[in-house]
Amino acid sequence: MASLTSHAHKAADNPWLERLARAGLVGYGVLHVLFAWLILRIAFGTAPADGDQSGALHHLATKPYGAALIVLLVVGLTAMVIWQVFEAAIGHRGERGRHRVYERVASAGRAAFYTYLAWTGIKVLRGKNKSTADLQEQASQDLMVSGGGRLAVAAIGVVVAAIGVGLAIYGLTKKFEKHLRTSRMTTQVRQVVRRLGEVGYSAKGGAYAIAGVLLVAAAVTYDPDKARGLDAALRAMAAQPYGTWLLVVTALGIAAYGVFSVVQARYRKV
């Protein structure tokens with residue numbers, strides 16, 4: 001077991017894995033900036049695609065060299081998956097007790113999410129046009145055929161909403177700073193990064209919290225149209241009074257998270 005752990009540590013410390021993971025963080029940030037652009041288009045009624053990460057990838061695929069960029073993004077995301085799997089298995093050695101358990105569980109969740117994004121990118125490259133929002137709606141509709149299925153959809157909604165609240169709290173309490181090499185930042189850079197993290201995590205958390213609440217509402221009212229994830233959450237915002245400006249603020253927050261992710265490529269502890 002000690003030998004296996006030693007090999008795992010060596011694999012986790014591979015410099016090429018670190019470089020690819022950092023490149024993946026840049027791509028992850030760019031994806032969020034594209035996502036923010038789609039949110040702005042939803043705000044002003046000109047969005048041609050679904051307002052989620054798959055919509056951002058489909059939009060990127062239509063651009064010159066878009067497919068090549070998606071390939072690079074998938075490679076980077078795959079490296080991030082491997083990195084977070086190692087973190088979940090043997091990482092966060094600076095933490096103690098339950099705090100280390102929490103961090104390892106969070107790493108497992110990040111690995112799952114990065115896997116989902118990488119797979120979404122692969123599907124876009126393969127020319128599959130059905131969006132993630134459509135698939136979520138169809139899956140929810142299939143589940144809600146039975147009473148037990150509706151409970152499952154509601155439970156998923158509660159989990160998604162809790163994740164959203166957790167992301168917002170994570171940002172507002174600045175817990176992301178412990179994963180950054182802040183000692184390598186100037187005072188001005190540290191202040192900018194702190195604000196980007198606060199705003200970015202809060203905006204992203206708010207969007208996910210609304211998506212989770214809509215999933216619960218979809219189960220309660222048996223309305224699969226509400227079970228379209230982030231796309232439904234953003235369009236629900238758009239339907240509110242001052243919805244346009246609410247979406248503009250959300251877009252700016254998501255863009256801030258994207259810039260924060262790019263900054264992480266330099267300062268993140270990998």
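Val158 and Val105 are assigned to two separate hydrophobic clusters, defined by single-linkage of ILVMFWY side chains at heavy-atom distances under 4.5 Å. Clustering ILVMFWY residues whenever any of their side-chain heavy atoms sit less than 4.5 angstrom apart, transitively, puts Leu172 in a cluster other than the one holding Tyr102. Side-chain heavy atoms closer than 4.5 Å link hydrophobic residues (I, L, V, M, F, W, Y) into clusters, and following such links, possibly through other members, connects Leu252 to Trp245. Placement of Val165 and Tyr170 in two distinct hydrophobic clusters is found when ILVMFWY residues are connected by side-chain heavy-atom separations under 4.5 Å, directly or transitively. In terms of hydrophobic clustering, with Ile, Leu, Val, Met, Phe, Trp and Tyr side chains grouped at heavy-atom distances under 4.5 Å, Leu31 and Tyr116 are assigned to a common cluster.
Across all non-hydrogen atoms, the minimal contact from Ala43 to Thr244 is O-OG1, 3.3 Å. The shortest non-hydrogen separation linking Tyr208 to Val160 is O-CG1, 3.4 Å. Contact between Gly29 and Val262 at its shortest, heavy atoms only, is CA-CG2, 4.1 Å. Smallest separation of non-hydrogen atoms from Ala251 and Ala36: O-CB, 3.2 Å. Nearest heavy-atom pair across Ile90 and Arg100 is O-NH2, 3.1 Å. Minimum interatomic distance between Ala88 and Ala108 (heavy atoms only, all atoms of both residues): CB-N, 3.8 Å.
Classification of Arg194 and Glu198 as a salt-bridged pair fails, no side-chain N sitting under 4.0 Å from a carboxylate O. Glu103 and Lys178 are joined by a salt bridge, as a carboxylate oxygen and a charged side-chain nitrogen come within less than 4.0 angstrom of each other. Under the 4.0 Å criterion applied to side-chain N and carboxylate O atoms, Arg104 and Glu87 are not assigned as salt-bridge partners.
Of the inter-residue distances, the one linking Arg22 atom CZ with Leu17 atom CG reads 10.5 Å to the nearest 0.5 angstrom. A distance of 7.5 Å separates CG of Leu167 from OH of Tyr201, quoted to the nearest 0.5 Å. Considering CD1 of Ile70 and OG1 of Thr120, their distance stands at 11.0 Å, rounded to 0.5 Å. Of the inter-residue distances, the one linking Leu180 atom CG with Phe176 atom CZ reads 7.0 Å to the nearest 0.5 angstrom. Rounded to the nearest 0.5 angstrom, Leu117 CG and Tyr28 OH are separated by 6.0 Å. Separating the CD1 atom in Ile39 from the CG atom in Leu34 is a distance of 11.0 Å, to the nearest 0.5 Å.
None of Val26, Val259, Leu25 except one satisfies the side chain to side chain contact (heavy atoms under 4.5 Å, CB included) rule with Gln264; the exception is Leu25.
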Exercise for review: May I have the step-by-step check of side chain to side chain contact (heavy atoms under 4.5 Å, CB included) for Leu247 and Ile42, ending in yes or no?
Suggested key: CA-CA 8 Å; Leu247 283 177; Ile42 291 173; 3.8 Å; yes

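Enclosure of atom CZ in Arg266 is not indicated, since only 12 or fewer non-hydrogen atoms of other residues, nucleotides or ligands lie within 6.0 angstrom. For Lys175, the NZ atom is loosely surrounded, since the number of other residues' heavy atoms within 6.0 Å does not exceed 12.
Using the six-membered ring where Trp is involved, Phe260 and Tyr257 have ring planes that are tilted, between 30° and 60° apart.
Counting only distance, with no hydrogens or angles, the side chain of Arg190 and the backbone of Thr182 share a donor-acceptor pair below 3.5 Å.
At a threshold of 4.5 Å between non-hydrogen side-chain atoms, the residues Tyr267 and Val189 count as touching. Side-chain contact between Ile122 and Val74: present, with at least one pair of heavy atoms (C-beta onward) separated by less than 4.5 Å. At a threshold of 4.5 Å between non-hydrogen side-chain atoms, the residues Trp83 and Arg268 count as touching.
Residues Gln84 and Ser107 bring a donor and an acceptor atom of their side chains to less than 3.5 Å of each other.
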